[in-house]
Amino acid sequence: MDITALRNETPGVNEVIHFNNAGASLITQKTLDAQLGYLKEEALLGGYETAEKYEKRINAFYTEIAKLLNAEPKEIAYTESATVAWERVFFSIDFKPGDEIVCDHTSYASNYIAHLQAEQRYGTKTVVIPANHFGEVDVEALKTLISAKTKLISITHMPTNGGLVNPAEAIGRVANEHHILYLLDACQSAGQYPLDVRKIGCDFLSSTGRKYLRGPRGTGFLYASKKILKSITPINLDLHSAEWNSINSFKQLDNAKKFETWESNIAAKIGLMTAVQQINEIGIDKICNRVTEVADYLRDELSKIKEITVQDIGRVKSGIVTFTSSKFTPLEMKKFFSENKINTVTPTLSGTRIDMEARKLDAVLRSSVHYYNTKEEIDTFASLIKQMHR
């Protein structure tokens, strides 16, 4: 990878050292131009008319996401966020009293709150899969938790707070063997890690555009397997996701677009399409290798500082690197780095409560790297940490 050329396409690297890619990556000039160009035409020519003019580029969104996931375009829906994508599926599942939702110990707050809401609304039960000694989902334990009441396996692929990559494919084999619905939250993994939905075996996969895909904020997508589309009806339908074909009846779409609504931010959609197109052009395997290389270097440099404890878990680790200090709180460190134009973030207990409580962590400092980050930036980061701890 020509990192210099790739950095030259990213205006933000001249302003900050950006280690908050798990929050929102810096977008490329091409993505910015695509979004701004569409907005300008929309303002000059009209919203409907501009959408009609750009129909092919808008539809290319489904092709590019499908290519990224080894899916079919008809299995892709555009949403305004990963949470919207995830919740549209989750609350469309026909839960009954006594149904069990099996989830991981690293579940994100938004997902787990939905599990608790389902308990209150439908009378379901949430079952948490324990961690193995690596800190990842214990697949053998999962097998013992499966019962006739298990309705859904809900997994966070990469949690927000600890470098972990959960074994999505192994979990998929269990789900498919027992014919259980499998929903994968790939919010952090899309754009930095290969995602092949055929190998994973998930029925649904949700993600955002703003993180490792390097797309605009306010964008997301849903993958819904064609084998499941006929058997699930979205909780909300409109004139885009269904056709009102007589006074007393309607017919829903037979593709994943039935999880969409008619109104959307088309400029942002084109921006995300452009960003994913760039990911596909570079190659997700190359990106994954580069992210792993940079993250490993960061962990090694942090491990050399005696006051710092790297808090990452898992056999396979992502570009999300978390740590704590024996002298300063994560919030104090974040403030110090911000003053030195380095972007980081502080995941707290309430974001991934089960995992954080088990590891006795109130908060961590998260420095999440992407392919455009460099070892020189990490050296600067490590030097500042040493300076702070003198």
Side-chain angles (χ1 to χ4, degrees), residues 22-23 82-83 86 90 100-119 124-147 150 152-171 174-175 182-189 193 295 298-299 302-303 307-334 344-368:
T83 299
W86 191 95
F90 181 81
E100 292 180 350
I101 299 166
V102 179
C103 70
D104 58 290
H105 64 289
T106 54
S107 290
Y108 188 56
S110 295
N111 300 0
Y112 203 84
I113 288 169
H115 297 165
L116 297 176
Q117 190 177 1
E119 290 182 9
T124 59
K125 178 184 177 183
T126 305
V127 179
V128 179
I129 312 165
N132 62 20
H133 65 281
F134 295 106
E136 64 195 22
V137 165
D138 189 331
V139 178
E140 294 306 311
L142 167 62
K143 294 176 182 177
T144 69
L145 296 174
I146 299 297
S147 73
T150 306
L152 173 71
I153 297 176
S154 170
I155 300 295
T156 302
H157 193 198
M158 291 183 184
T160 188
N161 67 319
L164 170 69
V165 182
N166 272 317
E169 291 184 21
I171 294 167
V174 176
Y182 178 19
L183 168 57
L184 185 67
D185 179 345
C187 202
Q188 299 290 8
S189 48
Y193 191 84
L298 175 55
R299 290 188 185 96
L302 291 172
S303 297
E307 296 89 354
I308 296 298
T309 301
V310 176
Q311 298 290 353
D312 295 341
I313 54 178
R315 279 180 287 190
V316 179
K317 292 182 173 63
S318 70
I320 299 173
V321 181
T322 58
F323 61 95
T324 53
S325 163
S326 60
K327 290 187 176 182
F328 300 98
T329 67
L331 197 58
E332 288 170 333
M333 287 191 290
K334 179 184 182 299
T344 59
V345 77
T346 54
T348 60
L349 173 65
S350 63
T352 47
R353 181 170 288 275
I354 299 171
D355 175 57
M356 294 284 269
E357 282 191 3
R359 295 200 280 147
K360 297 180 172 58
L361 294 169
D362 292 324
V364 292
L365 196 290
R366 187 181 73 190
S367 46
S368 47

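Shown here for Leu361 and Leu349, the closest heavy-atom pair between the two residues is O-CD1, 3.8 Å. Across all non-hydrogen atoms, the minimal contact from Pro159 to Thr106 is CB-CB, 3.6 Å. For Ser368 against Ala22, the heavy-atom pair with the smallest separation is OG-N, 2.8 Å. Here the shortest heavy-atom pairing between Gln311 and Arg359 reads O-NH1, 2.5 Å. Across all non-hydrogen atoms, the minimal contact from Ile153 to Ala175 is CD1-CB, 3.8 Å. The minimum heavy-atom distance linking Ser318 with Ala295 is given by the pair O-CB, 3.6 Å.
A donor-acceptor contact shorter than 3.5 Å is absent between the side chain of Ser325 and the backbone of Ile308. With Asn166 contributing its side chain and Ala168 its backbone, the two residues share no donor-acceptor pair below 3.5 Å. For Arg315 (side chain) and Phe134 (main-chain N/O), no donor-acceptor pair under 3.5 Å exists by modelled atom type. Between the side chain of Tyr193 and the backbone N or O of Ala186 there is no donor-acceptor pair closer than 3.5 Å. No donor-acceptor distance shorter than 3.5 angstrom exists from the side chain of Asp104 to the backbone of Val137, with no hydrogens or angles considered. Checked by atom type and distance alone, the side chain of Ser367 pairs as donor or acceptor with a backbone atom of Val321 at under 3.5 Å.
For the ring-ring contact (aromatic ring centres under 6.0 Å, His included) test, no residue two or more places apart in sequence or in another chain qualifies with His105.
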For side chain to side chain contact (heavy atoms under 4.5 Å, CB included), just list the numbers for Met333 and Thr344, CA-CA rounded to whole Å, side-chain angles, deciding distance to a tenth of an Å, and then say yes or no. CA-CA 9 Å; Met333 287 191 290; Thr344 59; over 6 Å; no
Could you walk me through whether Val165 and Ser189 pass the side chain to side chain contact (heavy atoms under 4.5 Å, CB included) check? CA-CA 8 Å; Val165 182; Ser189 48; over 6 Å; no
Between His157 and Asp185, is the side chain to side chain contact (heavy atoms under 4.5 Å, CB included) condition met? List the steps. CA-CA 6 Å; His157 193 198; Asp185 179 345; over 6 Å; no
Is there a side chain to side chain contact (heavy atoms under 4.5 Å, CB included) between Tyr112 and Thr156? Walk through the geometry before answering. CA-CA 10 Å; Tyr112 203 84; Thr156 302; over 6 Å; no
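Once rounded to the nearest 0.5 Å, the distance linking CD of Glu136 with CD1 of Ile313 reads 9.0 Å. Rounding to the nearest 0.5 Å gives a distance of 9.0 Å between OG1 of Thr352 and OH of Tyr108. Rounding to the nearest 0.5 angstrom, the gap separating the CZ atom in Phe328 from the CG atom in Leu365 is 12.0 Å. For the atom pair OG1 (Thr150) and CD (Glu100), the distance works out to 5.0 Å, reported to the nearest 0.5 Å. For the atom pair Asn161 CG and Thr322 OG1, the distance stands at 6.5 Å (nearest 0.5 Å). If you take NE2 on His115 and OG on Ser154, they are separated by 3.5 Å, rounding to the nearest 0.5 Å.
Ile155 places a side-chain heavy atom less than 4.5 Å from the side chain of Ile129.
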